[in-house]
Amino acid sequence: MHIPATLVRGGTSKCWLFNQVEVPADRDDLERLLVAAYGATDPVELDGVGGATPTTSKAAVVGASPQPGVDVDYLFAQVGIGTGSVEWTSNCGNCATGVALYAVTKGMVPVTGDRTRVVMRNTNTGAVLEGIVDTEGGVVHHFGRQTVPGTRAGGVAVGLTFRDPAGGAAGPLLPTGRAAEDLRVGAAAPVRVSMVTAGAPVVLVDAAGAGRTGAESPERMSEDVPWLRTVRHAAAPLMGLLPPGGEPGDAVPKVGLVGPPVPYTTTLGEPIGAEAYDVSVRMLTMNAPHPAIGLTSAVAVAAAGLLKDSVVSRITGGPSDEWLRLGTPAGVVAVRCTDVRDGLPHRVTVQRAARLLADARIYVPDPAGRRAA
């Protein structure tokens, strides 16, 4: 069998996008299709279109939204690498950036002058996002000059805003009711963390208190993956993410380190001074160091920065104003919180870029083992 798909780069991720009318509506059937298409039983995904890294083994199913005021719905899939499974519990802001450009390019949302707004709903989490796509001259662009930390390649500018990322339907900003607390992780000494739900459920570890800096290299972060997984799994039940008797997963909560600014060199070899940013951040994506930062994690760090006594605001010297600059392995990512009421940011914006890379027909082995047509 074969299926139409579009490969898009959104920010620092690559994601295959599928029109919902072209794929199974049943979640189990869809998972089997994606596992077969990506070659996801293989840790290098050689016999499939998966990229064999957490940031390049992603998919989204896009369709018109029935919800008033929303243009498109998208279902995000984090396709496992060597696991033969798919994580459905999270959202991906980088892929949402690609979805916004895809919706305009494919005519799902009409162009409206120099800037075209696309309102998207992530059906995994219910999150609503806005993408402001550069359509200068009233036309769709396939190339652009906007860059983001993590790649020197340009793309079409997309301003991505998370609407009401905390509180209400998203769940409480502080699922335990505390801005910071000591988390016991196995038999080791407790670590100071902030557990927040904004953009995604995230547990942020105070790096200094844990004997780290928050500015670790990807190689050093790789050594800490087993420990950070135990932090994630310890936090999950406290954040309401693990039912009694359930097995902890590796998609949520997202987990990482935060620390004070220090001079460092990015993964692209660019020197960054300590004065260029406000807080160091090193996150995992699934069970690997994130090469930059996931946008949902960036939203959570920015939201934590608004809270007195959180591990972030203790680093920055107090609750931040609109802008918070995050020092990531790839460079500095600036996040803007606006419409802040009662400590909750109702709009969180990150400037991103996207590019459609290919329209393709993916030949998919029959998951049932029958000879494909």
Report task. Sequence neighbours left out, what passes side-chain hydrogen bond (donor to acceptor under 3.5 Å, both in side chains) with Thr89? Give chain and number order. Result ->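 Thr89 satisfies side-chain hydrogen bond (donor to acceptor under 3.5 Å, both in side chains) with no residue once adjacent residues are dropped.
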Report summary line: The residue among Thr12, Asn91, Asn94 that forms side-chain contact (heavy atoms from CB on, under 4.5 Å) with Leu295 is Asn94
Short side-chain to backbone donor-acceptor contact, [X] and [Y], under 3.5 Å:
X: Thr123; Y: Gly126; answer: no
X: Arg27; Y: Trp88; answer: no
X: Thr116; Y: Val133; answer: no
X: Thr97; Y: Gly93; answer: yes
X: Asn124; Y: Phe76; answer: yes
X: Ser280; Y: Pro260; answer: yes
X: Asp342; Y: Leu344; answer: no
X: Gln20; Y: Val61; answer: no
X: Gln78; Y: Val86; answer: no
X: Arg282; Y: Pro289; answer: no

Which residues pass the salt bridge (charged side-chain N to carboxylate O under 4.0 Å, His left out) test with [X], not counting sequence neighbours?
X: Asp309; value: Arg314
X: Asp73; value: Arg121
X: Lys308; value: none
X: Glu130; value: Arg117, Arg163, Arg347

Report task. Kindly indicate, with the supporting measurements, whether the criterion side chain to side chain contact (heavy atoms under 4.5 Å, CB included) is fulfilled by Val128 and Val119. Result -> CA-CA 7 Å; Val128 177; Val119 181; 3.8 Å; yes
With clusters defined by side-chain heavy atoms of hydrophobic residues (ILVMFWY) lying less than 4.5 Å apart, directly or transitively, does [Y] cluster with [X]?
X: Leu174; Y: Val203; value: no
X: Val111; Y: Val156; value: yes
X: Val158; Y: Val335; value: yes
X: Leu357; Y: Val79; value: yes
X: Leu160; Y: Val99; value: yes

**Report entry** salt bridge (charged side-chain N to carboxylate O under 4.0 Å, His left out) pairs, two or more places apart, involving residues 5-23
**Finding:**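 Residue pairs passing salt bridge (charged side-chain N to carboxylate O under 4.0 Å, His left out), neighbours aside: none found.
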Are [X] and [Y] close enough that some pair of their side-chain heavy atoms sits under 4.5 Å apart?
X: Pro149; Y: Thr266; value: no
X: Thr285; Y: Lys254; value: no
X: Leu284; Y: Met221; value: yes
X: Ser194; Y: Val312; value: no
X: Leu33; Y: Pro24; value: yes
X: Leu306; Y: Pro345; value: yes

Check side-chain contact (heavy atoms from CB on, under 4.5 Å) between [X] and all other residues, then give those that pass, not counting sequence neighbours.
X: Leu183; value: Val185, Val191, Val193, Val231, Ala234, Ala235, Leu238
X: Thr197; value: Pro175, Pro201, Met239
X: Pro190; value: Asp182, Arg184

Atom [atom1] in [X], atom [atom2] in [Y]: separation rounded to 0.5 Å?
X: Leu356; Y: Leu101; atom1: CG; atom2: CG; value: 5.0 Å
X: Glu31; Y: Glu87; atom1: CD; atom2: CD; value: 9.0 Å
X: Leu34; Y: Phe18; atom1: CG; atom2: CZ; value: 5.5 Å
X: Leu228; Y: Arg212; atom1: CG; atom2: CZ; value: 7.0 Å
X: Gln146; Y: Arg355; atom1: CD; atom2: CZ; value: 14.5 Å
X: Asp206; Y: Leu257; atom1: CG; atom2: CG; value: 9.5 Å

Query raised in the report: Who else is in Ile81's hydrophobic cluster (ILVMFWY, side-chain heavy atoms under 4.5 Å, direct or via others)?
Result: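 Noted: Ile81 shares its cluster with no other residue.
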Requested in this report: Take Glu45 and Ser57 through the side chain to side chain donor-acceptor pair (under 3.5 Å) test and state the conclusion after the steps.
Outcome: CA-CA 9 Å; Glu45 294 185 329; Ser57 191; 3.0 Å; yes
Query raised in the report: Under a 4.0 Å N-O cut-off, is there an ion pair linking Asp28 with Arg32?
Result: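 Answer for the salt bridge query: no.
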Report task. Give the C-alpha distance, both sets of side-chain angles, the deciding distance and a yes or no for side chain to side chain contact (heavy atoms under 4.5 Å, CB included) between Arg152 and Thr147. Result -> CA-CA 6 Å; Arg152 294 190 178 96; Thr147 59; 6.0 Å; no
Requested in this report: Sorted by first residue and then second, give each ring pair (Phe, Tyr, Trp, His ring centres under 6.0 Å) pair with at least one member in residues 226-276; sequence neighbours left out.
Outcome: Tyr264-Tyr277
**Report entry** Inter- and intrachain pairs under ring pair (Phe, Tyr, Trp, His ring centres under 6.0 Å), touching residues 114-144, at least two apart
**Finding:** none
Query raised in the report: Going by distance alone, is a donor N or O of one side chain under 3.5 Å from an acceptor N or O of the other, for Ser13 and Lys58?
Result: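 Present: a donor and an acceptor within the cut-off.
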